[in-house]
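Convention: sequence-line order gives letters A, B, ...; per-chain numbering from 1.
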Amino acid sequence: MKIFRYLKSLTLAELLKGMTVTGKYFFKRKFTIRYPEEKTPKSDRFRGLHALRRYDNGEERCIACKLCEAVCPALAISIDSEMREDGSRRTTKYEIDLFKCIYCGFCEESCPVDSIVLTDIHEFHFEGKDKNVLDKQQLLAIGDMREKDVATARKNDAEYR
Amino acid sequence: MTETTKITKDAIPENMVRIEIDDKEMIVPRGSMVIEAADKNGISIPRFCYHKKLSIAANCRMCMVDVEKVPKPLPACATPVMPDMKVFTKSKRAIDAQRNVMEFLLINHPLDCPICDQGGECELQDQSMGYGRGVSRYVDSKRVAVDENIGSLIATDMTRCITCTRCVRFLDEITGTDELGGIGRGDRTQIGTAVGRSIDSIMSGNIIDLCPVGALTNKPFRFKARAWELMSAQGVSMHDAIGSNLYYHTRQGKILRTVPKDNESLNEAWISDRDRYGVLGQDAEDRVTAPMVKENGEWKETDWATAMDLAVRKLQANDAKNTAVLAGNQSTNEEYFLLSKLFKALGCANIDYRLGQSDFTQASGLPRMDLNLDEVGNNQQIVLVGSHVGHEQPILAHRIRQAWLKNGSKVSIFNPKQYHFNFETFHHYVGTQIEWVNGLGSLAHCVADLNKVKLEGELGEWINAQATDENLNNLAKALVNKDSNVLFVIGQISNNHPQAGLIKAVVAWLSSQTDGKVYEMATGANAVGAQICGMGSQNSVADILASDSKSFLIYQAENDDFNNAYGAQIKLEDADSVVLMASFADDNMKQVADVILPIGLASEVAGSYFNNFAQMQGFGPAAKLPAETKPGWRVLRVLANMLNVDGFTYDSIDEISSEVALLTVNKGEIDTNIKVKAQKADDLVLFNETTIYDVDMLARRSQPLQDTVHASTDNLNINSVDAKKLGIENAMQIIVNQKVDGDTITQSLFANIDDKVPAGSVNVHKCVGLRTDALNVTLIVGDSV
């Protein structure tokens, strides 16, 4: 057996085998892109940074039913609720801890009013120790910023849900 | 009894029948319903309208079951058991019937579970998971109902109502107030008050628990939390001595609502509104959450060490003989035990908790309690002596109503005001604070004549001096009847009466003549515990306020708790030092105190209460102590060590509780050999009333309760006859002068003409600041406002 191994290494057969693969891909089309100038397309179901949506008239959608808080497997969401002056049920605190969140998307699935959504934003960072917790105002602001994309993605995906 | 062994015919008692439910054999009482038999044997049948404590309505049709040889499914709640009946709760016909009923119920029910407070604890939601269809077939318009505002305690969402009528039946059968009813027919039936009034029953909160859907929900709790976020902790009522068992529901260590815990021998399945909403006073603005000291008249928050040092210096400033301890009646046994142990060890004899009372001649022992609460219904004759029972111990009023309703008990009443009761009265004696006591004497006189007994002693002479009359003679005849059990209830109006000792002596004498039993109400949730722990065995609060005491420790009490709030305030202002250990400090207390040590409420600490039947009931801490607040027993322990008193080495509350459990509980007795202190009416007689939500510092601070119709007012209630005589009209400003021991207390109040007040009497609420121990007042009529 030893003699075969000796001959194999002497003839550089394995090296040539490997180089064949390299050579094959050398002439194929490239997979890599020039991130961040170039970006790959994302699925409509991409689960990125969270947002709270509003209705067209500017009213926040969230009704403080706390189903997202209950369903969250990482206990990342915490909500306080109260009666607003007009008698409607609203949150006074809506916080998501992004360190705890595992981006499973259960919150979006449980939401009866399509308020909490996961946008396709996946490039974000924090510049402070306690900045990992998004509060209600931040979440609503993200929602306002990305409402168009979110709505389109939901519409495209609607028939598969 | 297993399924394999057949029950032989001979083994079945006369009043029982053998039935089979889902092939399970059981013997159940003849005449009981199928649903009761199923519940007892752990077979679940869905239901909405059936409730074990209410009458059977059978209008939700959810409990349909299949019975052998019956062509149609039958409602299990309204089908009596028959010998050898075979019931199937899971057969196709039964399940189909239940599913169809569910579909009809959901036709008009809105799908707003996400914003409904009942979501997560809703019977309709739970059962629709089992019986409901996934998709609705209904396409027409849904029914919508208009919401009524029924007060500060209960929120309504009548569109969600499935007309099970549990609330209607509760307010009809249990409270007897008939405040809700069904209006309209068929699917247009709506539950409502019809006239747009609020629901004013003192037990109204129970309809929230009864409602199987979210039509009636807890108003102060509205939208605050979901059922699954709440932690449940067992507690005991902090407002009356029945000791109702309850659960506090907390979220993040804060009590958000209260619900009853079933206890068949005490509160059954109910609690009063005071127990349900009283605890909400915990968040009042004047809650003290950090130790505070007064520096040059300014209050400053400080740390515990500084505050305790100052408290010790203040308490040592005067000799123990000139030191006094005045406590409220809401603290735990353990706190009372340490408090009395500490100050007795220091040689202080001025310890009391009976701040609202004025006559202490019969107050040195426990209240007399000859029976347990579930024995109230065994009495054919019940005599209420000076009691607005529903407002003093609501659960007792419920028991008396049930006794009247189910056992035909006859209830007679002696009162200073024509209160409305939720039972019919056999004899209702209403007179001024002086007259009704004399009326009780007249009754005793009639009984003495009927029994042909010779009256002796001062009490005998006094009874003899009271005139007899025919009405009272009829009552006396009913009471001395050998076939009837008699119960005398001594209420809190009697306890706070300046002639309390005399009233109790007359009742004790009457009970001995009629073979009756006596139930003496304790004033305050843990008054019995305070007495057992030795808080009431020495100088009374009246002696203390009259003594030279210069150093005071006020423990969970405030100015409004005193019978003589005015006198107490002056005494405390003159004192060298006042240490306040309390959860709350209002402006009056802040004015007199030198140092405030914040301690927890009974809902925030572990401990125990004795109820009116001397049963000890323990509980753990339900809520977190706010900020710097500490449990009272810990503060007292440290205080004792700083004052160099031995025997305070307790490391846990259990060590104190076990010592409390070893204390002797003497049976309450009433002495009939007393000195009679006669009262004479000069002009108008004052009835100074402690209202239902003015009983303790917590209830006073509960905003939802203070927003009800039962809250105290600064009215002066006067009979129309007297009003006409004095030229008084409604809303006129009246100046009331109360003369006591050469001192005059003056208050300006608004007239309210009310014929529930007997002629010759004026009625005010205690919060206006008049004393309860002096009955004579004069009025000066001012200008109309």
Side-chain angles (χ1 to χ4, degrees), chain A residues 50-55 57 59-97 100 105-117 133 135-136 139-140 143 154 158-159 161, chain B residues 109-122 125-126 128-129 134-136 144-160 214-215 217-231 249-257 280 283 624 703-704 707:
Chain A
H50 315 71
L52 282 173
R53 295 176 70 197
R54 293 179 192 273
Y55 288 110
N57 62 3
E59 175 68 282
E60 55 178 303
R61 282 176 181 250
C62 182
I63 48 166
C65 73
K66 303 196 187 185
L67 287 178
C68 49
E69 187 188 33
V71 81
C72 182
L75 307 182
I77 306 179
S78 60
I79 302 173
D80 281 347
S81 58
E82 218 176 68
M83 190 158 81
R84 202 169 62 181
E85 266 174 29
D86 61 359
S88 65
R89 183 188 183 106
R90 296 292 164 191
T91 55
T92 50
K93 181 181 106 176
Y94 192 112
E95 288 181 354
I96 297 184
D97 187 338
K100 288 183 184 167
F106 281 5
C107 49
E108 178 172 349
E109 237 171 280
S110 69
C111 187
V113 288
D114 297 335
S115 176
I116 181 79
V117 286
V133 179
D135 66 18
K136 188 180 169 184
L139 287 164
L140 280 169
R154 297 299 169 282
E159 59 179 303
R161 289 208 180 215
Chain B
H109 192 82
L111 289 175
D112 62 349
C113 303
I115 55 158
C116 176
D117 259 345
Q118 195 86 353
E121 54 179 355
C122 174
Q125 206 179 24
D126 293 348
S128 65
M129 292 304 287
V135 179
S136 173
V144 173
V146 180
D147 289 333
E148 287 179 272
N149 182 1
I150 56 169
S152 59
L153 305 179
I154 303 162
T156 58
D157 246 305
M158 297 320 284
T159 308
R160 296 181 187 140
T217 50
N218 192 325
K219 205 171 212 175
F221 175 71
R222 197 164 171 80
F223 302 158
K224 290 238 169 78
R226 308 295 297 199
W228 58 79
E229 298 178 282
L230 298 170
M231 303 276 280
H249 284 175
T250 62
R251 176 173 181 261
Q252 293 167 1
K254 190 167 174 160
I255 296 174
L256 292 180
R257 67 171 178 185
L280 298 177
D283 308 319
K624 262 191 214 154
Q703 201 52 48
D707 290 341

Quick check on A:Lys93: does its NZ atom have over 12 non-hydrogen neighbours (other residues, nucleotides or ligands) under 6.0 Å away? yes
With rounding to the nearest 0.5 angstrom, report the CG to OG distance, B:Asp117 to A:Ser81. 8.0 Å
Checking A:Thr92 against chain B: side chain, backbone, both or neither under 4.5 Å from a heavy atom? neither
First locate atom NZ of A:Lys66, then atom CH2 of B:Trp228, and finally report the distance between them rounded to the nearest 0.5 Å. 8.5 Å
Measure the CD-CZ distance between A:Glu69 and B:Arg226 for me, rounded to the nearest 0.5 Å. 10.5 Å
Out of B:Arg251, B:Gln252, B:Arg222, return the one with the most heavy atom pairs under 4.5 angstrom to chain A. B:Arg251
